[in-house]
Amino acid sequence: GYNNIIPGITSNPWKYSFQHFGSNKSLTINQQPDYGIAGVIWDCGVVLCDYLAAKGNSNRWNGSTVVELGSGTAIGALVAWQLGAFTVATDLPEVIESVTLPCIEANTTDADKKRRSMISAQPLSWGVMDEGTAVLAGVPVSELQKTAQAKAKKGKKGASKETAPAVDGARFDFIIMADVVYRSEDHMPLLETIMQIAHPATTLIFVHRPRVHNDSNFVDSLKDAFDVVSMTPVAKVTPKYPKDNCNVYEMKLKAGSSK
């Protein structure tokens, strides 16, 4: 196994359901354990889904643009999409073809053409700038951004420069990722990719459970470039999680952080 600890996480197919304003939503994922780490559900991925779908959070994603890093089975991207986001799931090219796309296709068959066009899977190898540029090229200006711009132009109270920066091209409102730092050799390339696609108005949502001794090095590196807006312990997100060593971070780029 992969040292996952949430009960039922190895079920195959794995099913996830939640309610959003009285509407039932669900995912079904055919896990591919023979494929390796990218083909299975990880417990921090479940925590990410729970965080996105939580009552106090679930309406934040509607009309936003979201990119998931290290998507694998794309459960985070799929939940964000079900909650109304324009979503891009990313992973290594071979993972996209063998795991991510099949999971997305299996869970979007009943969607109309317009809704289906709001989720995609694209290759993004961490540290490969050309792939990052290609992912950024496909993101539209979100409804969230349009609303912020309109408020800024009208000079409405609360529409500060920080919350509604000048239009400088489309961007991702949210970067989401879970269980992505268990290999120390990936830390620097991952940070490079995050810095490439993050914008001062982007919120980074990172679900982290320490798995190896140097995990904290990556968190420290993130904190050099990002301010921690909030840190939510797992007990407040996924009560069935049997330990207390997992947290959900929300972060924003520090003022003056270079991309």
Side-chain angles (χ1 to χ4, degrees), residues 44-71 76-77 79-80 83-88 90 136 139 141-149 151-152 156-166 168 170-181 187 190-210 215-239 241 244-259:
C44 286
V46 179
V47 176
L48 175 60
C49 292
D50 287 349
Y51 189 77
L52 295 174
K55 285 183 179 179
N57 272 341
S58 61
N59 206 40
R60 295 173 65 192
W61 329 117
N62 186 43
S64 71
T65 47
V66 175
V67 60
E68 183 177 25
L69 303 183
S71 292
V79 169
L83 292 168
F86 175 95
T87 309
V88 181
T90 68
L136 285 169
V139 61
V141 176
S142 71
E143 293 303 315
L144 207 64
Q145 293 162 38
K146 290 176 184 177
T147 299
Q149 302 302 338
K151 286 182 178 179
K156 288 188 176 180
K157 185 178 179 182
S160 68
K161 187 176 181 181
E162 286 72 31
T163 57
D168 56 359
R171 61 178 185 269
F172 286 107
D173 297 309
F174 298 97
I175 300 170
I176 61 175
M177 58 187 195
D179 249 338
V180 290
V181 296
H187 290 183
L190 174 57
L191 187 59
E192 289 173 358
T193 288
I194 292 170
M195 295 301 293
Q196 181 189 10
I197 63 177
H199 179 280
T202 301
T203 298
L204 172 67
I205 298 176
F206 172 39
V207 184
H208 179 53
R209 166 194 167 191
D215 277 5
S216 60
N217 295 345
F218 180 80
V219 177
D220 290 342
S221 296
L222 267 184
K223 289 179 180 178
D224 287 341
F226 287 80
D227 288 320
V228 177
V229 177
S230 65
M231 185 182 78
T232 306
V234 69
K236 292 187 176 181
V237 183
T238 306
Y241 194 99
D244 61 358
N245 65 339
C246 177
N247 294 295
V248 183
Y249 294 90
E250 290 206 18
M251 300 180 174
K252 289 263 195 181
L253 276 172
K254 291 181 183 290
S257 288
S258 60
K259 292 190 65 176

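- Counting heavy atoms from C-beta on, the side chains of L48 and E68 come closer than 4.5 Å.
- The minimum heavy-atom distance linking V139 with F86 is given by the pair CA-CE2, 4.3 Å.
- Nearest heavy-atom pair, C44 versus C246, reported as atom, atom and distance to 0.1 Å: SG-SG, 3.9 Å.
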Intermediate values then yes/no, side chain to side chain contact (heavy atoms under 4.5 Å, CB included), Y51 and V207: CA-CA 9 Å; Y51 189 77; V207 184; 5.6 Å; no
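- Remark: F174 CZ to T87 OG1 distance equals 11.0 Å, nearest 0.5 Å.
- Residues passing the side-chain hydrogen bond (donor to acceptor under 3.5 Å, both in side chains) test with N247, sequence neighbours excluded: none.
- To the nearest 0.5 Å, atoms CE (M177) and OG1 (T90) are separated by 11.0 Å.
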Can you check side chain to side chain contact (heavy atoms under 4.5 Å, CB included) on L253 and T202, steps first, answer last? CA-CA 8 Å; L253 276 172; T202 301; over 6 Å; no
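- Using the six-membered ring where Trp is involved, Y249 and H208 have ring planes that are tilted, between 30° and 60° apart.
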F206 vs V219, test: side chain to side chain contact (heavy atoms under 4.5 Å, CB included). Steps then yes/no. CA-CA 10 Å; F206 172 39; V219 177; 4.1 Å; yes
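- Distance check, rounded to the nearest 0.5 Å: CG of N62 to CD of E143 gives 9.0 Å.
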Check step by step if side chain to side chain contact (heavy atoms under 4.5 Å, CB included) holds for T232 and E250. CA-CA 9 Å; T232 306; E250 290 206 18; over 6 Å; no
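- Looking at every heavy atom in both residues, R171 comes nearest to A201 through NE-CB, 3.5 Å.
- Within 6.0 Å of the NZ atom in K254, the count of heavy atoms belonging to other residues, nucleotides or ligands exceeds 12.
- For the pair V229 and T203, the minimum side-chain heavy-atom distance is 4.5 Å or more.
- Residue I197 holds its CD1 atom at 4.5 Å from CG of L69, rounded to the nearest 0.5 Å.
- The two residues F218 and H187 come nearest to each other via the heavy atoms CE1-O, 3.6 Å.
- Contact detail for S142 and D173: the closest heavy-atom pair is OG-OD2, 2.7 Å.
- Inter-residue side-chain proximity for K236 and V248 is flagged as unmet; no heavy-atom pair is nearer than 4.5 Å.
- Considering every non-hydrogen atom in both L222 and I194, the closest pair reads CD2-CD1, 4.2 Å.
- A 6.0 Å sphere centred on CG of D224 holds more than 12 heavy atoms belonging to other residues, nucleotides or ligands.
- In this structure, I176 CD1 and W61 CH2 are separated by 8.0 Å, a value rounded to the nearest 0.5 Å.
- Distance CD/Q196 to CG/L136: 6.0 Å, rounded to 0.5 Å.
- Of the candidates V47, N57, V79, V79 is the only one forming a side chain to side chain contact (heavy atoms under 4.5 Å, CB included) with L52.
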